[in-house]
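Working notes, beginning with the structure itself.
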Amino acid sequence: MAIRHIGFACICLSLGKGITTNRGTILRLFDIERASNLALSNCQDLIKIMEWNGKNGIKFFRISSDIFPFMTHEGVGYKLEQLHHHLQIKDSLKEAGTVAKKYGIRINSHPGPFTILSSPNEKVVSATIRDIEMHSLVGDLLDCEGESRFNINFHMGSDYGDKKASAKRYVENLTRLSSGARKRITIENDDKGKLYSVKDLYEMIYQDCGVPIVFDVHHHQFCTGGLTDKEAAKLALRTWGAYVPEIHYSESRTIENSVLDGPKVRLQAHSDYVSGEIPNYYDGTYDVMVEAKAKDLAVLKYHRRKNAIHGHN
DNA sequence: ATAGGTCAAGCGAGG
DNA sequence: CCTCGCTTGACCTAT
């Protein structure tokens, strides 16, 4: 069996919106007390989400990037120790990690589109580095890595008109990360033709600095680099060494919902649920992050459908 | 209680 | 030139 775990991103709809790791605020209202309260609630709820995941057999979860609101934001950024709840926060994350470990759940993260290591703008790069270090801190505090690490996955961001030069800046800026954070970085293929295909990432990033590649099956069709999905998967999956790779699976919103959304929805937009089959024919063992708007509900529905067809397991 | 406006960050695509 | 979508929609305020 090629697929190990199938997971969802950031929000557990089954638990309702009262339980979330997404609580944030706006800058105008930011203060350190507020940040401390939000962060603590987020971390405490992560324990509940890990319990839910374990009981429901969903062993892959992407944690929200908002867990510590504005922690790395210029001007208001703070260290964890500045939060008056910092000890409880650490304990909560440790406990969430313990629960995850108990059930064999993999946790990882996916910083947003503002995280760009290849930028020619120093302010963007230093903000990116602060951001990645924050994600890595969460990974440290969870302390639940096993055969899969807490990988921090993000895109190249842009090619700034020169793919190779931008990839080179990425590789150079990697050296500015702590060694702990550096080991957790992974990079994902883009969904725009002019940007980085799996082949580009393999040749310009992996071969230069060994950063593993997350293969996004859906993105691949918009940026193939001349490879079939099977060829691209093969290339990406062998960049992970001893660790279990991550791939992304999603489907176009247009196909599922074209009547409701009209013709303007981009093909890249995600559907609520997935109706196809997650590829289990790629080489090796890997975890699949399902990127669907119905989150955990989409994963549960997928399993129900599969079980209905093939019987249990 | 809910709707509408607003909200950190960079970048490219589309109108 | 402006808006949307991507990361991850959520929060605040007014009714």
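- The side chain of A:F70 has B:dA8 as its nearest neighbour among C:dG9, C:dT13, B:dA8.
- A:K194 has its NZ atom 12 Å from the P atom of B:dG14, to the nearest Å.
- With B:dC11, B:dA13, C:dT7 as the candidates, the nucleotide lying closest to the side chain of A:F114 is C:dT7.
- One interatomic measurement links the two molecules: CG of A:D190 to C1' of C:dC6, which rounds to 11 Å at whole-angstrom precision.
- Base pairing annotation: B:dG12 forms a Watson-Crick or G-U wobble pair with C:dC4, both donor-acceptor distances under 3.5 Å.
- Residues A:E51 and A:Y103 have side chains that bring a donor and an acceptor to within less than 3.5 angstrom of each other.
- Straight-line distance between the P atoms of C:dC1 and B:dA8: roughly 25 Å, to the nearest whole Å.
- Out of C:dT13, B:dG10, C:dA10, the shortest distance to the side chain of A:I11 is found at C:dA10.
- Base contact: A:P113 has a heavy atom under 4.0 Å from a base atom.
- Across all strands, A:L29 comes closer than 4.0 Å only to sugar-phosphate atoms, never to a base (heavy-atom distances).
- The distance from atom CG of A:D45 to atom P of C:dA10 is 13 Å, rounded to the nearest whole Å.
- You'll find that the side chain of A:H73 is closest to B:dA8, out of B:dA8, B:dG10, C:dT13.
- Between A:T21 and A:D45, the side chains place no donor N or O within less than 3.5 Å of an acceptor N or O (distance only, hydrogens not considered).
- Phosphate contact (OP1/OP2 of C:dC6, side-chain N/O of A:H155, threshold under 4.0 Å): absent.
- Ranking C:dC6, C:dA10, B:dC11 by closeness to the A:S158 side chain, first place goes to B:dC11.
- Note on A:T128: nothing from the nucleic acid sits closer than 4.0 angstrom, heavy atoms only.
- Side-chain atoms of A:S158 and A:I116, non-hydrogen and from C-beta on, never get closer than 4.5 Å to each other.
- Side-chain N/O atoms of A:R238 and A:Y202 include a donor and acceptor closer than 3.5 Å.
- Using the six-membered ring where Trp is involved, A:Y282 and A:F215 have ring planes that are perpendicular, over 60° apart on the 30 and 60° scheme.
- Among the atoms of the strands shown, none is found under 4.0 Å from any heavy atom of A:F154.
- Between A:F8 and A:W52, the angle of the ring planes goes over 60°, which puts this pair in the perpendicular group of the 30/60° scheme.
- In this structure, A:D66 reaches the bases: a heavy-atom distance under 4.0 Å links it to at least one base atom across the strands shown.
- Checking B:dG5 for Watson-Crick or G-U wobble geometry (two distances, each under 3.5 Å) identifies C:dC11 as its partner.
- Ranking C:dT7, B:dA8, B:dG10 by closeness to the A:I116 side chain, first place goes to B:dG10.
- In this structure, the CG atom of A:N108 is 14 Å from the P atom of C:dT7, given to the nearest Å.
- A:K293 comes within contact range of no nucleotide atom at all, as no heavy-atom separation falls under 4.0 Å.
- The side chain of A:R28 contributes an N or O atom lying less than 4.0 Å from OP1 or OP2 of C:dT13.
- Straight-line distance between the P atoms of B:dG4 and C:dC6: roughly 22 Å, to the nearest whole Å.
- Here A:G24 lies in heavy-atom contact (under 4.0 Å) with sugar-phosphate atoms only.
- For A:R23 and A:S64, each mapped to the nucleotide of DNA chain C holding its nearest heavy atom, the one lying further toward the 5' end belongs to A:S64.
- Residue A:Q221 qualifies as enclosed at atom CD: its count of foreign heavy atoms under 6.0 Å is above 12.
- Across the protein-nucleic acid pair, A:H219 atom NE2 and C:dG5 atom P stand 15 Å apart, rounded to whole Å.
- C:dT7 and B:dA1: their P atoms are spaced 34 Å apart (whole Å).
- At the phosphate of C:dT7, neither OP1 nor OP2 sits under 4.0 Å from any side-chain N or O atom of A:H135.
- Separation of the C1' atoms belonging to C:dT3 and B:dG5 is 16 Å when rounded to the nearest angstrom.
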